[in-house]
Amino acid sequence: MTSVKTDSSESAHHGSILQMVRSIPGAAREVWRGKQAAWQASAQLRHPLRDMAWDSDMAATLQAEVERLLPGNENAFARNTLSALVCEEDCIILEEIKTLTQENNRSNITRTAAYLECYEQYPELHWALLAHMVSRNGGYHMTDLQSDLMHNLQNQTDCEHMYRLLERCNALIFQDAYPQLLLYMNSRRIGRSCFHLLSHFHVSAFMTPFWERFWLERCSSLLSVALIINEQNYIESRVVQHPYFQKQVLSKPAFHLHNLAGLNHIVFPLGREKGLAGRVIEHFGKLDERIMFGKGLYAMLFGVEQVYTQVLEFARSVPHRGSRAEYWPGLFTAHKDEAGEAELYSQELLDQEWLAEGQRLYSPELLAVWGDTPYEPITKQDWLQNRDCLGHLTIPRRPWLFEMSHEHRYGMLKTALAHDAKTLTH
């Protein structure tokens, strides 16, 4: 009897391996079909274009102003000094911003909502909508770690380290950028510039000329590029080059698995199951690439009318909770008891565009799997030490290929193949 059971078990195991191997050619065909479809869909979405109103002369002027703030230059001594002239109204504003920042920096969910609220009140703050959509992706990537497709691809310790990297980037960028947005909103409310208070929040001297000029001329695209440059430099030493994250995350095979599986996608839903626009970042560890990537996302979002209108409609109508079921409910469910019980996923994803109720993949809501994360104090040093960043003060370029539905689905398929292989070898 035991021999019969063993033979049956081995037969099922071999059958599962054969099923997975048979799905590989289908995956290769899916790549080719996906590229063709992406080109066609991108061409249809690309028009009409939106004017990003880039002012090259203003960019050159602001570049020169930043250069005067570099260490060793005549004006550099004042770059990190707190303003001595703070009136009672300023003190109230400072305390309110500190309180709001702390309250809204509790989790990816609160940060993402706060960004959208800023944009809704002042649509000239383009970066706030971009940050909202990128922050949504941060939440999706956090919950992916506990999803059906990824839960067995790394041990719990590595999973927690990866979560801390994603959460730390999300929290640090918010802590730096949100006070800047609130200073602008308070400036609009009281009718005078509050940007002499930037240094009280340890914002890099790099940002001061951009906010002062934005207060006068509302150059949204230039301010957005400056914020992209600033925030990526802000996390460079504090996260990306930090010894803890270098050792525990960025040097680990599991981190490279994320890239291999296509989980380095940043996607902007164009509506529930209507498609995805987005881009792929190949090398997260490279500062220049992250800045260029951010500029490309900005140009796609604010330089292409159909992307802008459909993304904004999605952001307004679908609350962010961190589950991929928010944009692909035909593939994912946020409820474990409504997910499928299959052990292998690759063939099923190849055979069906959508999955039936009761068979969908589990993509949890963020707060169901990760709690709020307290952190140690953040270093206050200014990243602006040389002129390396100034080469990025150029007009953002719209990408030609940005419809991501098929490529994102193929990333899921690669993840499913990795999941299935891991399942069959354990």
Side-chain angles (χ1 to χ4, degrees), residues 52-55 57-59 61-66 68-69 75 78-105 110-132 135 172-231 233-234 298 301-302 312 315 380 382-384 393:
M52 289 185 289
W54 181 265
D55 189 327
D57 292 337
M58 189 184 300
T61 299
L62 288 168
Q63 178 174 328
E65 290 186 33
V66 172
R68 287 195 290 271
L69 295 172
N75 296 332
R79 52 185 254 155
N80 288 322
T81 58
L82 298 183
S83 172
L85 301 175
V86 179
C87 63
E88 182 178 355
E89 187 176 37
D90 288 345
C91 290
I92 294 172
I93 289 171
L94 287 171
E95 288 306 311
E96 287 179 347
I97 291 177
K98 289 176 183 177
T99 300
L100 283 170
T101 302
Q102 185 174 7
E103 288 177 354
N104 288 319
N105 205 7
T110 54
R111 292 171 208 129
T112 307
Y115 285 137
L116 184 59
E117 185 178 352
C118 290
Y119 181 75
E120 294 285 33
Q121 291 188 49
Y122 296 100
E124 64 269 28
L125 293 172
H126 288 186
W127 185 87
L129 180 60
L130 176 66
H132 169 80
S135 188
L172 280 183
I173 289 174
F174 186 86
Q175 177 161 312
D176 184 67
Y178 189 57
Q180 298 181 55
L181 301 176
L182 292 182
L183 281 174
Y184 173 75
M185 295 165 73
N186 275 280
S187 299
R188 288 289 305 272
R189 179 177 60 83
I190 65 178
R192 65 173 175 86
S193 170
C194 294
F195 298 116
H196 60 290
L197 302 177
L198 282 168
S199 58
H200 288 264
F201 298 99
H202 305 284
V203 174
S204 172
F206 172 84
M207 287 305 305
T208 302
F210 293 94
W211 278 113
E212 290 176 342
R213 184 58 65 97
F214 184 72
W215 175 244
L216 298 174
E217 303 191 41
R218 305 292 194 269
C219 40
S220 296
S221 57
L222 189 52
L223 177 69
S224 298
V225 169
L227 282 164
I228 290 166
I229 294 169
N230 179 66
E231 302 315 328
N233 276 279
Y234 189 76
Y298 172 77
L301 179 58
F302 281 93
L312 184 57
K380 302 295 194 295
D382 191 336
W383 61 263
L384 182 63
L393 284 172

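Since we're looking at a predicted model, the values are computed, not measured.
Taking the side-chain contact (heavy atoms from CB on, under 4.5 Å) definition, one finds that P209 meets it with L62, E65, V66, L69, sequence neighbours left out. Residues that satisfy the ring-ring contact (aromatic ring centres under 6.0 Å, His included) test with Y178, not counting sequence neighbours, are F174. Scored by the side chain to side chain donor-acceptor pair (under 3.5 Å) test, W211 finds Q180 as partners (sequence neighbours excluded). For the side chain to side chain donor-acceptor pair (under 3.5 Å) test, residues two or more places apart in sequence or in another chain that qualify with R188 are E124, Y184. Applying the salt bridge (Lys or Arg N to Asp or Glu O under 4.0 Å) rule to E96 yields no partners; only residues at least two apart in sequence or on another chain are considered. Applying the side-chain contact (heavy atoms from CB on, under 4.5 Å) test to E89 and every residue at least two apart in sequence or in another chain returns C87, I93, I190, R192. Remark: E120 pairs with R316 by the side chain to side chain donor-acceptor pair (under 3.5 Å) rule, at least two apart or across chains. In this view, E217 and M58, R213 satisfy the side-chain contact (heavy atoms from CB on, under 4.5 Å) rule, not counting sequence neighbours. Partners of A128 under the side-chain contact (heavy atoms from CB on, under 4.5 Å) rule, at least two apart in sequence or in another chain, are C118, Y119, L125, L181. For R189, the side chain to side chain donor-acceptor pair (under 3.5 Å) test picks out N186, with sequence neighbours left out.
Within the structure, no pair that satisfies the salt bridge (charged side-chain N to carboxylate O under 4.0 Å, His left out) test touches residues 200-209, not counting sequence neighbours. Sorted by first and then second residue, the salt bridge (charged side-chain N to carboxylate O under 4.0 Å, His left out) pairs with a member in residues 193-209 form an empty list; sequence neighbours excluded.
Here the side chain of H132 pairs a donor or acceptor atom with the backbone of T112 at under 3.5 angstrom. Although no hydrogens or angles enter the test, the distance criterion places no donor-acceptor pair under 3.5 Å between the side chain of N105 and the main chain of T101. Side-chain atoms of S187 never come within 3.5 Å of backbone atoms of S193 as a donor-acceptor pair (strictly under, hydrogens ignored). Judged by distance alone, the side chain of N104 and the main-chain N or O of L100 form a donor-acceptor pair under 3.5 Å.
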Test side chain to side chain contact (heavy atoms under 4.5 Å, CB included) applied to N230 and W383, step by step: CA-CA 8 Å; N230 179 66; W383 61 263; 2.9 Å; yes
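Contact record, L116 with A315: CD2-O, 3.5 Å, taken as the closest heavy-atom pair. Residue S204 comes nearest to D382 through the heavy atom pair OG-OD1, 2.7 Å, listed as atom of the first residue, atom of the second, then distance.
Side-chain contact check for F302 versus L129: some heavy-atom pair is nearer than 4.5 Å. Counting only heavy atoms from C-beta outward, the side chains of I228 and L130 approach each other to under 4.5 Å. The shortest side-chain heavy-atom distance between I173 and Y234 does not fall under the 4.5 Å cut-off.
The line from CE of M52 to OG of S220 is 12.0 Å long, rounded to the nearest 0.5 Å. For the atom pair CG of L183 and CE of M207, the computed distance is 11.0 Å after rounding to the nearest 0.5 Å. Taken to the nearest 0.5 Å, the CD atom of E103 stands 14.5 Å off from the NZ atom of K98. Between atom CG of residue L172 and atom CD of residue E231 there is a gap of 9.5 Å, rounded to the nearest 0.5 Å. Taking OG1 of T208 as the reference point, atom CG of L198 lies at 5.0 Å (rounded to 0.5 Å). In this structure, L94 CG and L182 CG are separated by 11.5 Å, a value rounded to the nearest 0.5 Å.
For the residue pair D176/H202, the side-chain donor-acceptor check at 3.5 Å is not satisfied.
Applying the ring pair (Phe, Tyr, Trp, His ring centres under 6.0 Å) test between W127 and each of Y122, F214, Y298, Y115 identifies Y115 as the sole match.
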